[in-house]
Amino acid sequence: MAGATVLHGSADHAGRFESKAATREPALVKWTILAVSLAFFAVFLLLPLVAVFVEAFRKGWDTYAAALVEPDAVAAIKLTLTAALISVPLNLVFGVAAAWAITKFEFRGKHLLITFIDLPFSVSPVVAGLIYVLVFGAQGWFGPWLSEHDVKIVFAVPGIVLATVFVTFPFVARELIPLMEAQGREEEEAAVVLGARGWQTFWHVTLPNVKWGLLYGVILCNARAMGEFGAVSVVSGHIRGLTNTMPLHVEILYNEYQFAAAFAVASVLALLALVTLVIKAWVERRAGGAGHD
Amino acid sequence: MSIQVKNIHKQFGSFTALQDVSLDFPTGELVALLGPSGCGKTTLLRIIAGLESADGGQVLLDGADASDTHVRERQVGFVFQHYALFRHMTVFDNVAFGMRMKPRGQRPSEAAIKAKVTELLKLVQLDWIADRFPAQLSGGQRQRIALARALAVEPRVLLLDEPFGALDAKVRKELRRWLRHLHDELHITSIFVTHDQEEALEVADRVVLMDHGKVEQVGTPEQVYRHPASPFVYGFLGSVNLFHGRVEGDAVHVGDTPLSADKVELDHGAEVFAFARPHELNIVVDAQEARGVAARISRILSFGVTARIELDGAAGQLYEVELTREEVGHLGLEEGQAVRLVPSRLRVFERSAGGAAPAPVNAAPDWEI
């Protein structure tokens, strides 16, 4: 939510600057900058997005619908939703716990923990996937033990979920840490002095104060969970109908020259992203409003 | 409830916040912890509340050692400098919070809570804003709500951390008087932290002066103001004129001239600090006068009942004298005039060896003239 409030703050700021002749930029500067950014937006963001939908519907509605109800596509959509449904709540809990530990306690290795939270951002997703293959794969550390006990992780759903959890871990924690740091401990101290237990303090004081930031982090986390390609691709094994997520399914279809079907599935992903963006904008608006009253 | 602290020691890294502090807060008194920022007063208050733990020493609540008692079992009311109101709750919910957090068995009914909250909001004269959120209140209102919230759990002691620190001067003065009035009504043992000497002297039954993690003096406002125990206390409680002098014969001399004719029982040759309040200095215009120190009037400020006269001494020293306006007229004082300053009352502290400024802790005997 730090980002959200900054956005709204700068909007007010811009309004103030614009309204006064003394601080207003020349029209030429304004329109040049505006034109550059709009052109960039149109070419690199809007055009591809439109292209996805145009290509998806090129061969008509029937082909589009057929591509989506095809069993492999349905399985891919289901798997993507399952992975998101498991990894988002997990990262919600991990993220809150990590942010809580970092902002409310003093301990050795705190800076190390902060650095490690960012690891999934800095490491290539392919490496992240590879880590799981090396640890849980047939030739990996736990491979023999796992196969003995008939547990499949790599090239199966658990592997995909693990990779997704890894890649999306930082979103919630990264969003909460600056927010909770800025809020300090005073309200929690007040709650404890008034007799609240740890859980009560969290539920009645901490959580309501960070709820918008938390929601914002969850939305970003969810967007990445559904769209992740690299890490999932390594651990998936690309078994159709079993371990293909939507991004992987799109790739397979595309490689098989089934462009219309590929774009149809891609359009669903794009749609999910758009819905996420709308929710995110709404949360930002609410968070900005909450900050002012 | 009485509070005692015994030999409290607290260290933050290499910084010593509290150094062997022992104090006694009797039941029902309103005590001020007064000192400059960084003197350890807030740390002491937080240790008493249990929000901070001491490295050594004990906190006794009602005679029982509370060192291992959790904050929520200590039954203290704490008012934070920046209020720490729950911003997402209404005023009503803020005040009700403590009662609602009680274990199910001890929790009052919603009706009882409502009655209690209403009563407390009436007490702080804010029952008409129960439905507002903290952000919609003024600073003074927030502080009073914070106080109502602290009182809602019927604390045995009330601890206030710089309660008026963030308020403007006028509201501050009102709340100060109001707090004193409230204390006279409730008689709950209270400690408040402040760096404002006027606030401490005006509100408290007793004042504890602290500096550099140590207690400098404890006493009633009158005691500490009239009989400061150390140069620090003297300098901290109000304006002061400082003279660097030496005992010659049995009088304090500044340079070659005696400051005043009065005798002090300090060894001949002892280096001393001598202090006089602005109203304890007389201005002598007679050029033949042998006592006192030479100074030149730089400004006369005579807009109040009394006139304040600022003077430059030798070697860039500044003095301040308070006279009635009649006296100023009578003496015919003018800006730029050369005069002598003769103290009518002087407090003398022996200078510790090598110390250039007033030593923070003064074990030497001192004399009042």
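Predicted, not measured: the structure shown is a model, and the values here were computed from it. Protein chains get the first letters and strands the later ones, always in sequence-line order, with residue 1 at the start of each.
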Mark yes when over 12 heavy atoms from residues, nucleotides or ligands other than [X] sit less than 6.0 Å from its [atom1]; otherwise mark no.
{"X": "A/Phe116", "atom1": "CZ", "value": "no"}
{"X": "B/Asp184", "atom1": "CG", "value": "yes"}
{"X": "A/Lys110", "atom1": "NZ", "value": "yes"}
{"X": "B/Lys102", "atom1": "NZ", "value": "yes"}
{"X": "A/Phe40", "atom1": "CZ", "value": "no"}

[X], part contacting chain A, at a heavy-atom distance under 4.5 Å:
{"X": "B/Glu73", "answer": "side chain"}
{"X": "B/Arg132", "answer": "neither"}
{"X": "B/His82", "answer": "both"}
{"X": "B/Val76", "answer": "both"}
{"X": "B/Phe78", "answer": "both"}

(message) Could you report the tightest heavy-atom contact between A/Leu194 and B/Arg149, atom names first, then the distance?
(response) CD2-O, 3.4 Å

(message) Can you give me the closest heavy-atom contact between A/Ala190 and B/Ala84, atom names plus distance?
(response) CB-O, 3.9 Å

(request) Enumerate by number any residue of residues 196-204 of chain A whose heavy atoms lie under 4.5 Å from heavy atoms of chain B; in the absence of such residues, state 'none'. (result) A/Ala196, A/Arg197, A/Gly198, A/Gln200, A/His204

Measuring from [X]:[atom1] to [Y]:[atom2], what's the distance to the nearest 0.5 Å?
{"X": "A/Asn209", "Y": "B/Arg87", "atom1": "CG", "atom2": "CZ", "value": "4.5 Å"}
{"X": "A/Glu186", "Y": "B/Asp161", "atom1": "CD", "atom2": "CG", "value": "8.0 Å"}
{"X": "B/Met89", "Y": "A/Glu187", "atom1": "CE", "atom2": "CD", "value": "8.0 Å"}

(message) Less than 4.5 Å apart, side chain to side chain, heavy atoms only: is that true for A/Glu189 and B/Val71?
(response) no

